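If you're wondering where the values come from, they're calculated on a predicted model, not measured in any experiment.
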Amino acid sequence: MASILNSESLARDARTTPSRRRTKGSHFGYLLIAPTMITLVVVGLVPFLYAIYISLHDVPYGRVGEFTGLSNYRALLWDGRFWHSVWVALVFVGIAVPIEFVLGMLGALVLNQKIKLRGVIVPMLFVPTMMAPIVVALLWKIMLAGSWGLISYNVLERLKIVSETSVFGSADLALYALILIDVWQWTPFMIIAFYAGLQALPLNPYRAAQVDGASPLQMFVRITLPLMMPLMAVMVLLRIIDAFKVFDTIFLLTGGGPGNATESPSMLGYKLVFEFWKLGEASAFAVIIWVLFFVFCNVFYQIAKNRLKAF
Amino acid sequence: MSVNRGKGLDLRAVSKAFDGRPALQAIDLAARPGEIVGVTGPSGAGKTTIARIVAGVEQADTGEVRLNDRAIDDLSPQVRDVALMFESYALYPHLTVRENLLFPLKSPRCNGRSGEGDARAQELLELVEMSSLGTRYPSELSGGQRQRVALCRTLIQDPSVYLLDEPISHLDAKLRNKLRGEIRRRLLAKAVPTVWFTPDAMEALAVSDRVAILIGGVLQQVGVPAAIYAAPANTSVARLVGDPPMNLLRGRLSRQNGALWFKHPGLSVPLTAHVRQLVEGANVDEIVLGVRPAQVAFAPRNDAGAVVYAIEPFGKYSIMTVQLGDDRFRIKTTQATDCRTGARVELSLNSEHLVAFHPTSGRALT
């Protein structure tokens with residue numbers, strides 16, 4: 001990197017043979033990506049390495065103490081609370097993402113038909129996604145408020161699902177309420193993304209398929225789905241990562257409760273730092289979650305690439 | 001052909017306009033089973049529009065399309081039983097070459113017919129010299145290779161009519177020459193009509209039983225290749241057909257010593273009795289004279305009116321362009337063309353093969 005900024009070496013490169021010049025070209029490429037790489041290293045890699053460092057130490061009340069090896073990791077992995085938070089996230093992801101995906105796809109397919117008022121519907125779909133999380137949380141807190149909330153009073157209590165208490169106060173229902181909010185928040189986004197994808201599909205294969213005699217179902221299964229696969233894979237991956245890290249609505253609505261019924265990994269991580277002041281364990285926690293995601297994303301990528309031919 | 005009357009493809013007075021501009025005007029065209037009809041014309045003439053209307057991808061404004069004595073205008077493309085080779089290829093980007101070929105055989109209308117699909121795919125790929133590329137994706141192919149895949153995807157089907165929209169236009173000359181004959185042979189063996197669209201008039205003459213000349217959305221002439229070549233219906237057809245196409249010279253008529261002469265600033269020709277009769281019947285004092293490039297001889301002469309403009313030596317023959325007054329005139333000759341650019345040559349026309357056109361309408365005098 002340094003050599004290319006050196007004017008003498010630049011002048012020398014300019015006189016050299018074509019093969020040498022290609023080497024110079026690759027240096028120039030590094031120069032172009034340097035700003036991005038430096039930013040990533042400073043704000044991403046350095047803090048992460050520091051997190052690994054302090055995860056190996058005892059850090060009482062923010063002061064890095066003595067080296068304790070893997071004891072922070074052991075403490076976490078032997079703690080049922082950690083595994084419970086992972087389970088909460090898995091339930092959250094496992095229910096919310098498939099629903100968002102299917103509803104998103106169906107919504108996009110409907111939008112893609114030349115329905116009336118499309119110009120009005122599409123901008124409205126942005127509303128839930130663009131709302132600040134605090135507004136979303138307050139909105140749903142009001143709608144699901146015990147005994148007088150719009151949905152609590154009119155739907156949940158009439159159907160005798162809950163009585164005179166907020167769903168957020170029920171250990172059985174709080175998580176599903178949070179999932180409902182996530183679906184409400186992110187399904188429109190999926191619709192818009194898939195709709196954009198459908199609009200961008202090439203027309204020619206459809207014309208050819210028509211003339212080749214393909215049925216509408218065949219066209220969907222054999223042309224639309226394969227052509228949409230890259231977008232679908234990316235969207236699902238993004239939603240899985242995002243939903244796994246869900247924090248804002250939980251923090252604002254239940255604080256992880258009742259008990260720890262809705263304590264997601266992010267919520268637990270927050271508590272480890274700001275309630276229990278266990279920075280060592282919190283860092284170990286971050287590293288473990290990172291490893292889980294690193295493995296998951298790689299497996300997902302390989303499957304998407306080789307089986308689904310998505311990338 | 002009378003046995004097959006009504007069988008095959010019939011277009012009756014088909015018209016189509018795009019944004020108020022007519023693209024096709026009252027097209028009447030028929031293709032009988034076992035017949036190849038070539039539709040040729042410059043780009044923008046409406047060839048692709050005809051193909052798309054027959055396939056059902058486009059709707060005609062007026063007129064009727066009949067296939068095997070049944071109007072198909074209101075049928076969806078899926079049930080028309082038409083094999084269309086798209087000019088844009090329209091390959092399935094996510095399928096391999098072989099999967100692209102087999103796709104049409106998986107449609108509901110082909111149920112039970114897809115049996116030996118793999119063998120047929122392989123055989124067709126061998127025909128177009130792509131047998132080792134069956135597992136490639138379209139994005140990994142060159143333009144000419146994609147065109148061959150689209151061609152195979154059409155030929156693998158057993159439809160009621162084949163529509164080939166510029167099937168071999170992007171192939172190299174050698175392969176084009178080979179496939180022209182091979183495809184014609186295959187299509188003639190099927191008992192269904194074929195419409196072969198091409199901007200190359202000579203290709204149309206070579207592959208077709210009958211040729212339809214389409215210019216500006218209007219059918220100019222329909223006939224067997226020999227008739228189209230020998231007697232173009234108007235100057236537009238004459239400009240299109242031939243390699244190189246016919247020379248057209250506008251000149252006055254004048255009588256000298258009882259003979260009728262065609263007078264052009266660079267050329268004077270006595271007209272034969274036959275042409276003279278046609279000209280007198282039309283009652284004009286000016287004509288456009290059509291001269292086939294191969295029907296001209298030349299000899300160097302210092303005071304001649306023709307000046308050599310360019311010479312293209314092809315080996316077996318040469319094409320010489322001469323400046324004749326304001327016109328350029330092309331000669332296809334086996335004579336030695338050792339004269340230089342700028343040299344003067346005297347032309348002598350074979351007056352038996354001249355074609356006379358009306359000076360204003362451009363129609364051939366008959």
Side-chain angles (χ1 to χ4, degrees), chain A residues 101-102 104-105 108-110 112-115 190 193-238 300-311, chain B residues 48 51-58 72 75-96 99-111 113-114 117 135 137-139 146 149-165:
Chain A
F101 177 81
V102 171
M105 194 49 148
L109 287 170
V110 171
N112 204 34
Q113 311 301 315
K114 284 174 181 148
I115 57 166
M190 296 288 260
F194 287 149
Y195 170 60
L198 288 172
Q199 291 278 299
L201 290 182
L203 278 178
N204 270 336
Y206 289 92
R207 296 213 182 94
Q210 271 192 322
V211 178
D212 286 346
S215 66
L217 182 66
Q218 275 181 320
M219 281 202 238
F220 179 72
V221 174
R222 301 179 60 97
I223 298 179
T224 306
L225 282 186
L227 289 179
M228 288 282 282
M229 197 53 83
L231 179 66
M232 294 193 297
V234 169
M235 290 303 295
V236 166
L237 184 62
L238 287 179
F300 186 92
Y301 177 77
Q302 289 303 327
I303 291 175
K305 188 180 164 193
N306 299 329
R307 294 282 174 78
L308 306 175
K309 293 175 182 165
F311 294 108
Chain B
T48 297
R52 292 166 66 106
I53 286 174
V54 174
V57 187
E58 204 88 67
I72 59 170
L75 299 181
S76 77
Q78 278 95 338
V79 296
R80 287 192 180 198
D81 203 18
V82 164
L84 167 62
M85 178 184 164
F86 285 80
E87 184 188 0
S88 57
Y89 317 149
L91 299 179
Y92 303 112
H94 59 293
L95 300 180
T96 63
E99 288 164 346
N100 261 284
L101 261 56
L102 296 176
F103 190 96
L105 302 183
K106 290 180 177 139
S107 73
R109 72 164 188 242
C110 281
N111 262 346
R113 284 202 254 165
S114 61
T135 54
Y137 286 91
S139 58
R146 286 179 208 172
V149 176
L151 178 62
C152 291
R153 192 176 67 185
T154 309
L155 293 180
I156 201 169
Q157 303 174 54
D158 280 317
S160 299
V161 59
Y162 287 98
L163 304 169
L164 306 178
D165 195 359

Kindly determine whether A:Gln218 and B:Gln78 satisfy side chain to side chain contact (heavy atoms under 4.5 Å, CB included), including the steps that lead there.
CA-CA 12 Å; A:Gln218 275 181 320; B:Gln78 278 95 338; over 6 Å; no
Could you please spell out the steps behind the side chain to side chain contact (heavy atoms under 4.5 Å, CB included) verdict for A:Asp212 and B:Lys106?
CA-CA 9 Å; A:Asp212 286 346; B:Lys106 290 180 177 139; over 6 Å; no
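When every heavy atom of B:Phe103 is checked against every heavy atom of A:Ala209, the shortest pair comes out as CE2-CB, 4.1 Å. Between A:Leu227 and B:Pro93, the shortest heavy-atom distance links the atoms CD2-CG, 3.6 Å. In terms of heavy-atom proximity, A:Gly213 sits nearest to B:Ser107 at O-CB, 3.1 Å.
A donor and an acceptor atom, one from each side chain of A:Asn204 and B:Ser88, are located under 3.5 Å apart.
Heavy atoms closer than 4.5 Å to chain A are found nowhere in B:Leu163, neither backbone nor side chain. Residue contact with chain B, scored on non-hydrogen atoms closer than 4.5 Å, involves the backbone and the side chain of A:Gln210 alike.
Contact annotation: the side chain of A:Arg207 never approaches that of B:Leu84 to less than 4.5 Å [non-hydrogen atoms, C-beta and beyond].
The side chain to side chain contact (heavy atoms under 4.5 Å, CB included) test applied to B:Thr48 returns B:Arg52, B:Glu87, B:Asp165, not counting sequence neighbours.
Side chain of B:His94 to main chain of A:Leu225: no donor-acceptor pair is present (N/O by atom type, distance under 3.5 Å, no hydrogens or angles).
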